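Read through the structure below, which is laid out as structure tokens, and then see the notes.
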Amino acid sequence: MTDKSATTRSHRDTVERVRHADSFAVKLPIVGSVGIPRPEHLAFYAALGALAALEIIEWPVAVIIAAGHVMAAEKHHRALHEIGDALESA
């Protein structure tokens, strides 16, 4: 029989690590390590894909929106690193 409080703590620790993680990756046998977006970004891409699949928006528009979202997230990530570096050097 497992200790329920230890299992709950383990789940909470895992959830906290996922919330604070910068990036996620999956190791595939032939390809190697493949980065995947954070869960909240995956939800955005899934909703965008659903809109394109239901033909509410055209697929080129969905691709452009997704590309803009990726570039905005990448720029935000770089800006955070620069701020962190500036704070460390101060």
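Every value quoted in this text rests on a predicted model; they were computed, and no experiment measured them.
- For I65, the side chain to side chain contact (heavy atoms under 4.5 Å, CB included) partners at least two apart in sequence or on another chain are F44, L48, V61.
- Within the structure, every pair that satisfies the side chain to side chain donor-acceptor pair (under 3.5 Å) test and touches residues 44-65, not counting sequence neighbours, is listed here: Y45-H69.
- Applying the side chain to side chain contact (heavy atoms under 4.5 Å, CB included) rule to I56 yields the partners L51, L54; only residues at least two apart in sequence or on another chain are considered.
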